[in-house]
Amino acid sequence: MTENVLDTRSEDDDKPKKQIRLGIAGLGTVGCGLLAVLKKNGDLIANRSGCEFTIGAVTARDRQRKREVDISAYHWCDNPVDLADPDKVDVVVELIGGSDGPALALARAALGKGLSFVTANKAMIAHHGAELASLAERTGASLRFEAAVAGGIPIVKTIKEGLAANRIDRMHGILNGTGNYILTMMEETGESFENALAKAQALGYAEADPSFDIDGVDTAHKIAILTSLAFGTPPTMDDLPIEGIRNISDIDIAYAKDLGFRIKLLGISRLTKEGKLDQRVHASMVEASEALAKVSGASNAIEAHGDFVGPCMIEGLGAGAGPTASAVMADLIELARGNTGSTFSLPASKLAPLPLLESGERTGEFYVRLRVSDKTGVMADIASALRDEGVSVERLIQRTRASDDSVHLIMTTHKTSESRMACVLERFSDLSSVLEKPCMLRIEPI
Ligand SMILES: NC(=O)c1ccc[n+]([C@@H]2O[C@H](COP(=O)([O-])OP(=O)(O)OC[C@H]3O[C@@H](n4cnc5c(N)ncnc54)[C@H](OP(=O)(O)O)[C@@H]3O)[C@@H](O)[C@H]2O)c1
């Protein structure tokens, strides 16, 4: 165990006595954002934390690359793992990204040497959080990751500290700004998914390879971490059902609006009354009057339900240099203040998996859209499939398409199980009058 170099209390209130030397790995969007926060708000941060943060060493892939901040005065390490040097740095800040590779090697090296470690890396925490938390606790280091979930929104601290007295039974949230921006554009302008994605890329909201954002993987990383914090499980991506928004069409966005819903990509984690974990990521129909439905553009929002606090929602910017660096800095200030509790809400040795709710067991209401031939007998076939599988319809609307002689049948169901719904969809698909794969979306009670 190393000496606690993070004890910064000073007898002289005006001047911080202690320095914390940061080792910053990754000088991209967030890394440069962190240097900008330190430059602009260094005095305020020193006053609030009782500590002066200095740069002990930095690393990135390409030393010669032109950056938004001048790094020429900082000690440079070619190999990220070399940042884990207690002679040069007190805290390592990892802003490279990726679940494995140099980020994980650096985390293991730093925590192994008892150096506290701050990261914005959701993929690494979702996949290796339990291992790293155990290592941190063994060596007396602190592992913090506020920026890994919803960027600037302090949701990790909220669940871990603010709501620590509550049994949380449900959390759901918009955890990916790119996805939310695309869905908002589609709703506001009637654009196709492809056009909205291209716009998001042009504005820098979406990466050149946007697959983690639009396929729900990024949301899944974040909900896996929140599940761990709220329910005391080791974070894991195993058996986490993930559906993205690639297949959401402008047609369904428009029908959702007509029915009083908005389509949102949600990360959902809840505990059933029987103590089973129901964790999933998918596009959901949310009542348009709900606060979560009104979260638009690149914003994120998370709502947690605690048994004493009730519903508690936080909204803000989930990405970008400023918001993300703000969250990284918040972790560093907490370390400076001596807040070095367990990594998740429980000590790593007490994290335990929960039995999982099988996806077929889940019950809820559903939206289904069918494109069918406009001829007699079709409704009878549809009704038979619903009757045989025991699924009752709440609303059924027929819309004629201008472009051909097919029609859209749009229905919402009463509460039923996913397994029954899967049988109904199979029956629909087998009908010759159903002209394309049925579109099904879950109506999520918020
Ligand atoms: N951007 C956001 O809004 C945001 C929000 C929340 C969380 N995060 C997380 O923050 C982390 C950083 O994201 P970012 O957007 O700042 O990424 P980024 O702009 O792509 O920057 C990544 C940095 O890591 C460096 N790097 C890449 N591979 C490396 C390697 N093998 N060895 C050493 N350095 C390497 C790059 O070096 P070069 O500059 O030399 O290429 C670059 O400086 C990720 O975990 C991300 O998920 C980002």
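In each ligand, atom 1 is the first atom listed, and ligand 1 is the first ligand listed. In this text the structure is predicted, and so the values were computed from the model without any measurement.
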Just wondering, more than 12 heavy atoms not from Glu394 lying within 6.0 Å of its CD?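 It does: Glu394 CD has more than 12 such atoms within range.
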Evaluate whether atom CG of Asp100 has more than 12 neighbouring non-hydrogen atoms of other residues, nucleotides or ligands under 6.0 angstrom away.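 Yes, because the 6.0 Å sphere around CG of Asp100 holds more than 12 heavy atoms from other groups.
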Do any nitrogen or oxygen atoms of ligand 1 lie under 3.5 Å from a protein nitrogen or oxygen, and which ones?
unit_1   : atom_1 : unit_2 : atom_2 : d
ligand 1 : 3 (O)  : Gly320 : N      : 2.6
ligand 1 : 16 (O) : Thr29  : N      : 3.2
ligand 1 : 16 (O) : Val30  : N      : 2.8
ligand 1 : 19 (O) : Thr29  : N      : 2.9
ligand 1 : 19 (O) : Thr29  : OG1    : 3.2
ligand 1 : 34 (N) : Arg61  : N      : 3.2
ligand 1 : 37 (O) : Arg61  : N      : 3.0
ligand 1 : 39 (O) : Arg65  : NH1    : 3.1
ligand 1 : 39 (O) : Arg67  : NH1    : 2.7
ligand 1 : 39 (O) : Arg67  : NH2    : 3.4
ligand 1 : 40 (O) : Arg61  : N      : 3.1
ligand 1 : 40 (O) : Asp62  : N      : 2.8
ligand 1 : 40 (O) : Arg67  : NH2    : 2.8
ligand 1 : 41 (O) : Arg61  : NE     : 3.3
ligand 1 : 41 (O) : Arg61  : NH2    : 3.0
ligand 1 : 41 (O) : Arg65  : NH1    : 2.6
ligand 1 : 43 (O) : Leu27  : N      : 2.8
ligand 1 : 43 (O) : Gly28  : N      : 3.0
ligand 1 : 47 (O) : Lys122 : NZ     : 3.3

When you look at Phe344 and Phe145, which way does the ring-ring contact (aromatic ring centres under 6.0 Å, His included) test go after all the steps? CA-CA 10 Å; Phe344 295 96; Phe145 46 83; 5.3 Å; yes
Any side-chain to backbone donor/acceptor pair from Asn121 onto Met124? Under 3.5 Å, distance only.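 A pair under 3.5 Å: yes.
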Using the six-membered ring wherever Trp is involved, compare the ring planes of Tyr205 and Tyr181 and label them parallel, tilted or perpendicular (cut-offs 30° and 60°).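 If you compare the ring of Tyr205 with that of Tyr181, the planes turn out tilted.
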Determine which pairs satisfy ring-ring contact (aromatic ring centres under 6.0 Å, His included) with at least one residue from residues 47-73, sequence neighbours left out, and list them in order.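 For residues 47-73, and leaving out neighbouring residues, there are no ring-ring contact (aromatic ring centres under 6.0 Å, His included) pairs at all.
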